[in-house]
*Asks:* 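Before I ask anything, here is the structure I am working with.
Computation of the quantities below employed the complete heavy-atom set of this structure, encompassing side-chain atoms and omitting hydrogens, waters and symmetry-equivalent molecules. Lettering of chains follows the sequences in order, A, B, ..., and the numbering in each one begins at 1.
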Amino acid sequence: MAALRADGVDPFAPNSFGVTAKAAELQTKYGSLENGQVTEDHVAVAGRITSYRNSGMFIDLLDDSGKIQIFSHKDSVPAETLARLAALDLGDWIGVRGIVRRTPRGELTVNLAELTVLGKAMTPPPEKFHGLSDVDTRYRHREYDLVGNEESRKALRARFAVLRALRNFMDSRGFLEVETPMLHVIPGGANAKPFITHHNALDMDLYLRIAPELHLKRLIIGGLADRVYEINRCFRNEGISTRHNPEFTTLESYEAFTDYNGVMKLAEEAIEAAALAVFSKTDFHFRGHDVSVKTPFRRARMTDLVREATGIDFLKLPDVADAKAAAQKLGIDVHACHNWGQVVEAAFAEKVEDTLIQPTHVTDLPKDISPLAQGHRTEPLLTERFETFIAGWEFCNGFSELSDPAEQRARFEAQTAQREAGDEEAQYLDEDFIHALELGLPATGGLGIGIDRLAMLLTGVDTIREVIAFPTMRPK
RNA sequence: GAUCGCGUAGCUCAGCCGGUAGAGCAACUGACUUUUAAUCAGUAGGUCGUGGGUUCGAAUCCCACCGCGAUCACCA
């Protein structure tokens, strides 16, 4: 540092450098350049020093595309530039102008002609061979993780590429990307415990949203667009695990003039499109399974899957007490179940969920656990709702949207009763939403996709934190 | 929330049948100019997560706490 300043270089001063080439572009463009061959092509590259050999004669420069070697020889580089090179450390940012060649040993290289110091590392980067492996430090200080670990860079880049791909897909289907409130007066659209915050000027508590659903439907009601979607954060005040982060990202879309059959098609096409756009394939290895996201996905009714797994047809046991008794005989814990639908859901979670490895739309979920979905057109206990399972995990949730305000009020009231019976996650009655429905919601299909889990599936990681840049951590 | 495991130099790790704290990489000084985890010589770097206890003596044994991880529970 002192040496650089003595040399008139302040690495912290404002500066600029016109990059003309990325490392990966050069590796591709000069892929056929033979060992020892020298071009006359001048390029300007910039990045971070990740390796420094032979007193700076060989430097590995890492940019956001990859790595390129920099060569400086005393016969061709001015002495003052060599001295400046000697003052550099691992982790420093530099810009280099020079010509492209391939060394006799086969490494694509830029022969340094001009050096610009663009940034200084005051602490050394993580160990060059092992990288940073302490998971605690990796998540708390993600920048050190990214510097040291190619795998971390790849996983996060892939996650953000998936976001981009999904936006492109939705846009191409004529959906309008919108934003709706993060701060809710009533947390709605899902069954979950919310975070509470406070607005000082209004002197009122607000909730961080658990889902954008109700506001998105209000945009459809208003006729803003026939098709809307939002990709953004939801917040749920629940446990943290390898598959749950308190803030997570969902894609939610609403499409007028379709039902859940159309939504299932949209969901699977969105997943397949993201897979193809980012990874150019549909076969993935995830949680120890080989999974194909090639469309179409299998569809199966939840009660049928439960019947196949247990021999019990819960549709023939519509009474809660009978259903509970039957479930108990299977060893299923039903003490927290307040109604028929929750018993079916418990049986499904216990006996079926883990077996759904290949993508499966589980259809016609019970009305009791689906307060925002249209009743099924032929089965009174069920709704036109589906959840998509892959490798035993839920990835999507969608349904034909309930549009009858009176029915919606009755459903909310059933939820309220459930809350009073001790179910902390039952939904709240939202008068504003019912008032909105009174203006007329067209026949609409809605969809939610868990983006973090989708990124996990496509990148093959088994911890949600690997695909979240800064996962929630307790302060040390 | 429960159980188990982990926490030693900037990073990766060893030491753990109690007896003055170790290595590699990184850093610093020097040598070396066609390297690929460059090499060689030297220097410096630590409240051993925190607090307490047992002991003549604790990184090591015991207890509590903090943080992280795994599994389970919770969780559309």
Side-chain angles (χ1 to χ4, degrees), chain A residues 1-3 35-36 49-60 67 69-77 82 85-86 89-91 101-109 111 121-141 144-145 147-149 189-193 210-211 213 234 236-246 248 250 302 333 336 341-342 344-346 348-349 353 362 365-366 368-373 383 385-389 393-399 424-427 448 450 453 462-465 471 473-476:
Chain A
M1 191 62 214
N35 291 3
I49 299 173
T50 57
S51 180
Y52 186 92
R53 301 180 293 277
N54 294 47
S55 307
M57 182 165 62
F58 295 96
I59 285 174
D60 284 349
K67 200 175 268 188
Q69 180 170 270
I70 307 298
F71 176 79
S72 311
H73 195 277
K74 62 180 178 185
D75 292 347
S76 56
V77 176
L82 284 179
L85 268 178
D89 291 317
L90 288 185
R101 68 162 176 131
R102 191 176 292 283
T103 64
R105 300 213 188 177
E107 192 69 29
L108 193 69
T109 298
N111 274 8
M122 299 303 285
T123 48
E127 209 246 18
K128 64 183 169 188
F129 191 57
H130 300 94
L132 183 63
S133 67
D134 181 67
V135 285
D136 188 318
T137 311
R138 286 188 49 228
Y139 299 143
R140 286 180 198 280
H141 299 287
Y144 282 78
D145 175 39
V147 169
N149 299 320
N191 295 49
K193 294 175 204 147
I210 55 176
E213 170 150 356
C234 292
R236 297 190 185 177
N237 205 342
E238 291 159 359
I240 295 177
S241 76
T242 50
R243 49 195 170 282
H244 299 88
N245 196 62
F248 60 101
T250 62
M302 179 178 274
D333 181 9
Q342 289 180 337
V344 174
E345 185 184 33
F348 171 80
E353 213 171 89
V362 176
L365 274 64
D368 295 326
I369 59 168
S370 311
L372 300 166
T383 58
R385 174 186 175 192
F386 72 94
E387 290 182 338
T388 308
F389 285 82
W393 287 7
E394 183 199 338
F395 278 72
C396 308
N397 179 23
F399 36 91
E424 276 188 80
E425 297 182 355
Q427 297 188 20
R453 289 183 184 182
D462 51 15
T463 301
I464 198 169
R465 291 176 157 184
M473 303 287 280
R474 194 190 295 269
K476 204 162 186 175

*Asks:* Describe the nucleic acid contact of A:Y144 in one word from base, sugar-phosphate, nothing, applying a heavy-atom distance below 4.0 Å.
*Replies:* nothing
*Asks:* Describe the nucleic acid contact of A:E425 in one word from base, sugar-phosphate, nothing, applying a heavy-atom distance below 4.0 Å.
*Replies:* sugar-phosphate
*Asks:* Expressed in whole Å, how much space separates the C1' atoms belonging to B:A64 and B:A38?
*Replies:* 50 Å
*Asks:* What does A:T463 touch in the nucleic acid at a heavy-atom separation under 4.0 angstrom: a base, only the sugar-phosphate, or nothing?
*Replies:* sugar-phosphate
*Asks:* Counting only side-chain heavy atoms from C-beta out, which of B:C68, B:A73, B:U12 sits nearest to A:S133?
*Replies:* B:U12
*Asks:* Considering just the side-chain nitrogens and oxygens of A:K128, establish if one lies under 4.0 Å of OP1 or OP2 belonging to B:A38.
*Replies:* yes
*Asks:* In whole Å, I'd like the distance from the CD atom of A:E424 to the P atom of B:A73.
*Replies:* 19 Å
*Asks:* To the nearest 0.5 Å, what is the distance between CD1 on A:I70 and OG on A:S51?
*Replies:* 12.0 Å
*Asks:* With sugar-phosphate meaning primed atoms plus P, OP1 and OP2, does A:T137 contact a base, only sugar-phosphate, or nothing at under 4.0 Å between heavy atoms?
*Replies:* nothing
*Asks:* How is A:R140 classified with respect to the nucleic acid when contacts are heavy atoms under 4.0 Å: base, sugar-phosphate, or nothing?
*Replies:* sugar-phosphate
*Asks:* Between the base of B:G24 and the side chain of A:E127, is one N or O donor paired with an acceptor at under 3.5 angstrom?
*Replies:* yes
*Asks:* Tell me what A:D75 touches on the nucleic acid: a base, only sugar-phosphate, or nothing, going by heavy atoms under 4.0 Å.
*Replies:* nothing
*Asks:* Does some side-chain heavy atom of A:Q427 sit less than 4.5 Å from a side-chain heavy atom of A:L372?
*Replies:* yes
*Asks:* Using purine N1 to pyrimidine N3 plus N6-O4 or O6-N4 for Watson-Crick, or N1-O2 and O6-N3 for G-U wobble, each under 3.5 Å, what pairs with B:U54?
*Replies:* none
*Asks:* Does B:A44 pair with anything, Watson-Crick or G-U wobble, both distances under 3.5 Å, and if so, with which nucleotide?
*Replies:* none
*Asks:* Picking from B:C74, B:U34, B:U36, which would you name as closest to the side chain of A:Q69?
*Replies:* B:U36
*Asks:* When the C1' atoms of B:G51 and B:G7 are considered, how many whole Å apart are they?
*Replies:* 16 Å
*Asks:* For atom C1', what is the distance between B:C65 and B:U71, given to the nearest Å?
*Replies:* 23 Å
*Asks:* Determine whether A:L132 and A:N149 make a side-chain contact, defined as any pair of heavy atoms from C-beta on separated by less than 4.5 Å.
*Replies:* yes
*Asks:* Under 4.0 Å, heavy atoms only, any strand: does A:E238 hit a base, just the sugar-phosphate, or nothing?
*Replies:* sugar-phosphate
*Asks:* In terms of the nearest nucleotide of RNA chain B, which residue is placed more toward the 5' end: A:Y139 or A:T103?
*Replies:* A:T103
*Asks:* Could you check if a side-chain atom of A:Y144 sits within less than 4.5 angstrom of a side-chain atom of A:T123, using non-hydrogen atoms only?
*Replies:* yes
*Asks:* Rounding to the closest angstrom, what is the interatomic distance between B:U50 and B:C68 at atom C1'?
*Replies:* 15 Å
*Asks:* Report the residue (A:R474 or A:Q427) whose heavy-atom-nearest nucleotide on RNA chain B is the more 5′ of the two.
*Replies:* A:R474
*Asks:* Using a heavy-atom cut-off of under 4.0 Å over every strand shown, decide if A:G91 touches base, sugar-phosphate, or nothing.
*Replies:* nothing
*Asks:* Quote, to the nearest angstrom, the C1' distance that separates B:U39 from B:C61.
*Replies:* 45 Å
*Asks:* My understanding is that a pair needs two contacts under 3.5 Å, Watson-Crick or G-U wobble. By that rule, which nucleotide pairs with B:A14?
*Replies:* none
*Asks:* Report which part of the nucleic acid A:D60 touches: base, sugar-phosphate, or nothing (heavy-atom distance under 4.0 Å, all strands).
*Replies:* nothing
*Asks:* How far does CD of A:E425 sit from NZ of A:K193, to the nearest 0.5 angstrom?
*Replies:* 5.0 Å
*Asks:* Distance between the P atoms of B:G57 and B:A70, in whole angstroms?
*Replies:* 40 Å
*Asks:* Heavy atoms under 4.0 Å, any strand shown: does A:R385 hit a base, just sugar-phosphate, or nothing?
*Replies:* base
*Asks:* What's the closest nucleotide to the A:L90 side chain, out of B:U34, B:A26, B:U12?
*Replies:* B:A26
*Asks:* Reckon A:I369 touches a base, only the sugar-phosphate, or nothing at all at heavy-atom distances under 4.0 Å?
*Replies:* base
*Asks:* If you round to the nearest 0.5 Å, how far is CD of A:Q69 from CZ of A:R101?
*Replies:* 7.5 Å
*Asks:* Which base sits across from B:A70 as a Watson-Crick or G-U pair, both distances under 3.5 Å?
*Replies:* B:U3
*Asks:* As a test of reading the structure: which of B:A38, B:U12, B:U34 is closest to the side chain of A:H130, going by heavy atoms?
*Replies:* B:U12
*Asks:* Tell me: CD1 of A:I240 to C1' of B:U71, nearest whole Å?
*Replies:* 17 Å
*Asks:* Are A:F71 and A:F58 an aromatic pair, judged by ring center distance below 6.0 Å?
*Replies:* yes
*Asks:* Please report the distance separating the P of B:A21 from the corresponding atom of B:C25, rounded so that it comes out in whole Å.
*Replies:* 23 Å
*Asks:* Write down the partner of B:U60 under the Watson-Crick or G-U wobble criteria, each distance required to be under 3.5 Å.
*Replies:* none
*Asks:* Have a look at A:S51 and say if it touches a base, only the backbone sugar-phosphate, or nothing, with a 4.0 Å heavy-atom cut-off.
*Replies:* sugar-phosphate
*Asks:* Among B:C11, B:G67, B:A26, which nucleotide sits nearest the side chain of A:D136?
*Replies:* B:G67
*Asks:* Between A:Y52 (OH) and B:U36 (C1'), how many Å, whole number?
*Replies:* 16 Å
*Asks:* Roughly, in whole Å, what's the span from CG in A:D134 to P in B:G5?
*Replies:* 19 Å
*Asks:* Working to the nearest 0.5 Å, report the span between CZ of A:R53 and CG of A:D60.
*Replies:* 4.0 Å
*Asks:* What nucleotide among B:U34, B:C74, B:A26 has an atom nearest to a side-chain atom of A:K193?
*Replies:* B:C74
*Asks:* Quote, to the nearest angstrom, the P distance that separates B:C28 from B:C17.
*Replies:* 38 Å
